[in-house]
Participant: 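Take this structure first; my questions come after.
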Amino acid sequence: MPTARTASWVSYSEKGEAKSMFYKNGKLQVAPTLRKCQCIDTLYSNNKLRFAPLLKNLVEADVLRKYIPAFLKPIDNLNYDSIFYINLQISTGTNSGFASLKLLLFKPLSFYLPSNNQLKITLNPCKTEGYISTIETTTNYFIDEPKQTSASLYPQRIALELIDSPLKSNDKDFENFTGLYDVDRIDLNYKEQFSINYKKDDKACYASAKINDYLFIEISKAKPMIFEQPDFYFLNQNPLKKEEIDRFFGFKIEEAALTFDLLEQNKTIKINAKTDQIYAGGKLATGRVLITCKKVAEDSFEISNGATKQLFTSQNLKKEWLKNGFTRITTNYNQDQSQLELSFFAE
């Protein structure tokens, strides 16, 4: 027989669908899932909440907007009507002040970054049913000079999502390509703009990805690029236009396994490759593909698929990539590494 602290409860949706919840020792248990990159947040359960005021009663939404930099665009008006707070500490002067508090979030807290919607950042992606997301927050504000205001937020994990990028999600659980990161702190101000301090033991996770429904990507390591530009060496190898560099927001993929199909002499060859450098942003993707192979003639390369050896040409490789929507394609064979390097661009 279930006890008061160990019990199953059944609730019904408006459509009459039954939904079971299981409590053990008075704590709601989260059902396991096979979803990739799943995270849960069970630090603050709903039944812990006694009384907490609404944030909008402390700071009106129209006032808060004056302190949000123009490069951040709140999504769903920050779900402002469902943000509460506790542990408020405040110190005020004539024209300035300091405040710290803990935000209690019942819905996602998300922004577009920059304001032209290249990236979406969610500060509580691990929101779990039956629990409240919490984020410690501090701010130094100036009443007459909103641009002098700075704030620090302390989420546990964040999600960065590409909204309109050639790098798409290849995972049914993610609408767009998404990377999740463990963080210590996010600093925000007009001068230094936006900086994320990642945990040293960051357990980052990435949705399976694809470009042009042709190049399929499993990422092991990717660095977010926010108010950063591709490195100088990369720009020399893969020339980008100035406006493409200036508007870049996204990820630098530093380690990933790649696969694509190549039609060679009416036969389909599955190419397994890797990359150490792909820049994938809100408007473009560019980088290089490294194919381990043996050069057997001027334009003939041999790859091994298990016990099977297959031949292909760089000219046909370029032709297939062009046919699949890629441009700015170049190839170069690295004799020392036994690798054919293919550089590409997509938008």
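Since this is a predicted model, take the numbers as computed values, not measurements. Along the sequence shown, the residues carry numbers beginning at 1.
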Participant: Enumerate the residue pairs fulfilling ring-ring contact (aromatic ring centres under 6.0 Å, His included) with a member in residues 135-165, sequence neighbours excluded, ordered by first and then second residue.
Facilitator: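 For residues 135-165, and leaving out neighbouring residues, there are no ring-ring contact (aromatic ring centres under 6.0 Å, His included) pairs at all.
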Participant: From the options Phe71, Phe227, Tyr279, select the one residue that forms a ring-ring contact (aromatic ring centres under 6.0 Å, His included) with Phe249.
Facilitator: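 Only one of Phe71, Phe227, Tyr279 forms a ring-ring contact (aromatic ring centres under 6.0 Å, His included) with Phe249, namely Phe227.
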Participant: In Å and rounded to the nearest 0.5 Å, what is the OG to CZ distance from Ser343 to Arg328?
Facilitator: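 The distance works out to 12.0 Å.
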Participant: Are the side chain of Arg65 and the backbone N or O of Pro74 linked by a donor-acceptor pair below 3.5 Å?
Facilitator: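 No, the answer is negative, given that no donor and acceptor are paired below the 3.5 Å cut-off.
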Participant: Where the side chain of Asn212 meets the backbone of Tyr214, is there a donor-acceptor pair that is under 3.5 Å apart?
Facilitator: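 No: the side chain of Asn212 does not pair with the backbone of Tyr214.
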Participant: Against Phe106, only a single residue in Tyr80, Phe84, Tyr44 fulfils ring-ring contact (aromatic ring centres under 6.0 Å, His included); can you say which?
Facilitator: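 For Phe106, the ring-ring contact (aromatic ring centres under 6.0 Å, His included) check succeeds only for Phe84.
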Participant: Name all residues meeting the side chain to side chain contact (heavy atoms under 4.5 Å, CB included) criterion together with Glu264; count only those two or more places apart in sequence or in a different chain, and write none if there are none.
Facilitator: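 Side chain to side chain contact (heavy atoms under 4.5 Å, CB included) list for Glu264, sorted by chain: Leu262, Ile269, Phe312, Thr313, Asn316.
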Participant: Would you say the side-chain atoms of Thr286 pair up with the backbone N or O of Phe344, donor to acceptor, closer than 3.5 Å?
Facilitator: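 Yes, the answer is positive, given that a donor and an acceptor are paired below the 3.5 Å cut-off.
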Participant: Would you please name every residue forming a side chain to side chain donor-acceptor pair (under 3.5 Å) with Asp299, sequence neighbours left out?
Facilitator: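 Checked Asp299 against side chain to side chain donor-acceptor pair (under 3.5 Å); matches are Ser314.
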Participant: About how many Å separate CD1 of Ile186 and OG of Ser152, when rounded to the nearest 0.5 Å?
Facilitator: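 Rounded to the nearest 0.5 Å, the OG-CD1 separation comes out at 9.5 Å.
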Participant: Can you list the steps and then say if Leu105 with Ile83 is a side chain to side chain contact (heavy atoms under 4.5 Å, CB included)?
Facilitator: CA-CA 5 Å; Leu105 308 169; Ile83 300 179; 3.8 Å; yes
Participant: Parallel, tilted or perpendicular: which describes the rings of Phe177 and Tyr206, with under 30° parallel and over 60° perpendicular?
Facilitator: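 Parallel, since the angle between the ring planes stays under 30°.
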Participant: Indicate the atoms forming the closest heavy-atom contact of Leu162 with Ala280, along with that distance.
Facilitator: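 For Leu162 and Ala280, the tightest heavy-atom pair comes out as CD1-O, 4.0 Å.
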Participant: Does this structure show an ion pair linking Asp213 with Lys168, if we count only N-O contacts that are shorter than 4.0 Å?
Facilitator: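 So Asp213 does not pair with Lys168 through a salt bridge.
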Participant: Between Asn189 and Thr149, which heavy-atom pair has the shortest distance, and what is it?
Facilitator: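 Here Asn189 and Thr149 meet closest at CB-O, 3.6 Å.
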Participant: Between Pro166 and Ala285, what is the shortest heavy-atom contact and its length?
Facilitator: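 Residues Pro166 and Ala285, closest heavy atoms: CG-N, 3.5 Å.
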Participant: Test of understanding: with side chain to side chain contact (heavy atoms under 4.5 Å, CB included), list the residues that count as partners of Asn95, not counting sequence neighbours.
Facilitator: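 Asp144.
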Participant: Show the atom names and distances, to 0.1 Å, of all donor-acceptor pairs under 3.5 Å that link a side chain in residues 250-261 to residues at least two apart or in another chain.
Facilitator:
unit_1	atom_1	unit_2	atom_2	d
Asp261	OD1	Lys270	NZ	3.3

Participant: From Ile158 CD1 over to Ile121 CD1, what is the distance, rounded to the nearest 0.5 angstrom?
Facilitator: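 Rounded to the nearest 0.5 Å, the CD1-CD1 separation comes out at 4.0 Å.
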Participant: For Phe174, is there any backbone N or O sitting under 3.5 Å from a side-chain donor or acceptor partner on Ser169?
Facilitator: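 Present.
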Participant: Return the minimal non-hydrogen interatomic distance between Thr128 and Ile40, and the atom names on each side.
Facilitator: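 That closest heavy-atom pairing would be OG1-CA, 3.3 Å.
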Participant: Hey, mind stepping through Leu104 and Lys102 against side chain to side chain contact (heavy atoms under 4.5 Å, CB included) and telling me if it holds?
Facilitator: CA-CA 6 Å; Leu104 305 180; Lys102 177 182 286 188; 4.2 Å; yes
Participant: My understanding is that only residues two or more places apart in sequence, or in another chain, count here; which of them pass side chain to side chain donor-acceptor pair (under 3.5 Å) with Asp184?
Facilitator: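 Result, side chain to side chain donor-acceptor pair (under 3.5 Å) vs Asp184: Lys199.
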Participant: What do you reckon, is CD of Glu302 surrounded by more than 12 foreign heavy atoms closer than 6.0 Å?
Facilitator: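 Count over threshold, so yes.
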Participant: My understanding is that only residues two or more places apart in sequence, or in another chain, count here; which of them pass side chain to side chain contact (heavy atoms under 4.5 Å, CB included) with Ile75?
Facilitator: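 Partners of Ile75 by the side chain to side chain contact (heavy atoms under 4.5 Å, CB included) criterion, ordered by chain and then number, come out as Ser110, Tyr112, Lys120.
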Participant: Indicate if Val63 and Leu188 have the same hydrophobic cluster label, given that clusters are the connected sets of ILVMFWY residues with side-chain heavy-atom separations under 4.5 angstrom.
Facilitator: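 Yes, same cluster.
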Participant: Can any side-chain N or O of Thr122 pair as donor or acceptor with the backbone N or O of Asn124 at less than 3.5 Å?
Facilitator: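 A pair under 3.5 Å: no.
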Participant: Closest heavy-atom contact between Tyr181 and Lys223?
Facilitator: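 Looking at all heavy atoms of both residues, the closest pair is OH-N, 4.3 Å.
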Participant: Could you tell me whether a side-chain N or O of Ser165 sits under 3.5 Å from a main-chain N or O of Lys283, the two making a donor and an acceptor?
Facilitator: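 No; zero donor-acceptor contacts below 3.5 Å.
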Participant: At their closest point, which heavy atom of Leu322 faces which heavy atom of Thr327, and how far apart are they?
Facilitator: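 Closest approach of Leu322 to Thr327: CD2-CA, 4.4 Å.
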Participant: Assess whether side chain to side chain contact (heavy atoms under 4.5 Å, CB included) is satisfied between Phe326 and Ile211, documenting all intermediate values.
Facilitator: CA-CA 9 Å; Phe326 297 89; Ile211 301 177; 3.6 Å; yes
Participant: Mind checking disulfide (SG to SG under 2.5 Å) for Cys293 and listing every partner two or more places apart, or none if nothing turns up?
Facilitator: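 Here no residue qualifies.
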Participant: Once side chain to side chain donor-acceptor pair (under 3.5 Å) is applied, do any residues pair with Asn77, and if so which ones, sequence neighbours excluded?
Facilitator: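 Per chain and number, Asn77 pairs via side chain to side chain donor-acceptor pair (under 3.5 Å) with no residue.
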Participant: How long is the span from the NZ atom in Lys295 to the CD atom in Gln339, to the nearest 0.5 Å?
Facilitator: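 One gets 14.5 Å once the value is rounded to the nearest 0.5 Å.
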Participant: To the closest 0.5 Å, what do you measure between OG (Ser220) and NZ (Lys274)?
Facilitator: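 One gets 11.5 Å once the value is rounded to the nearest 0.5 Å.
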Participant: Is there a side-chain contact between Ile291 and Leu317 in this structure, where contact means two heavy atoms from C-beta onward sitting under 4.5 Å apart?
Facilitator: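 A side-chain contact exists here, since the closest heavy-atom pair is under 4.5 Å.
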Participant: I would like to know whether Ile217 and Thr275 meet side chain to side chain contact (heavy atoms under 4.5 Å, CB included); could you show each step before the answer?
Facilitator: CA-CA 9 Å; Ile217 308 172; Thr275 187; 5.7 Å; no
Participant: Give a yes or no answer on whether the side chain of Glu161 reaches the backbone of Glu175 with a donor-acceptor pair at less than 3.5 Å.
Facilitator: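 Side chain of Glu161 to backbone of Glu175, a donor-acceptor pair under 3.5 Å: no, none is there.
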Participant: Partners of Asn79 by side chain to side chain contact (heavy atoms under 4.5 Å, CB included), sequence neighbours excluded?
Facilitator: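 By the side chain to side chain contact (heavy atoms under 4.5 Å, CB included) rule, Asn79 matches Asp76, Ser82, Lys107, Pro108.
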Participant: Mind jotting down which residue pairs meet the disulfide (SG to SG under 2.5 Å) criterion with at least one end in residues 125-189? Sequence neighbours excluded, please.
Facilitator: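 Only Cys39-Cys126 qualify under disulfide (SG to SG under 2.5 Å).
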Participant: Glu145: what forms a side chain to side chain donor-acceptor pair (under 3.5 Å) with it, not counting sequence neighbours?
Facilitator: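 For Glu145, no residue satisfies side chain to side chain donor-acceptor pair (under 3.5 Å) once neighbours in sequence are set aside.
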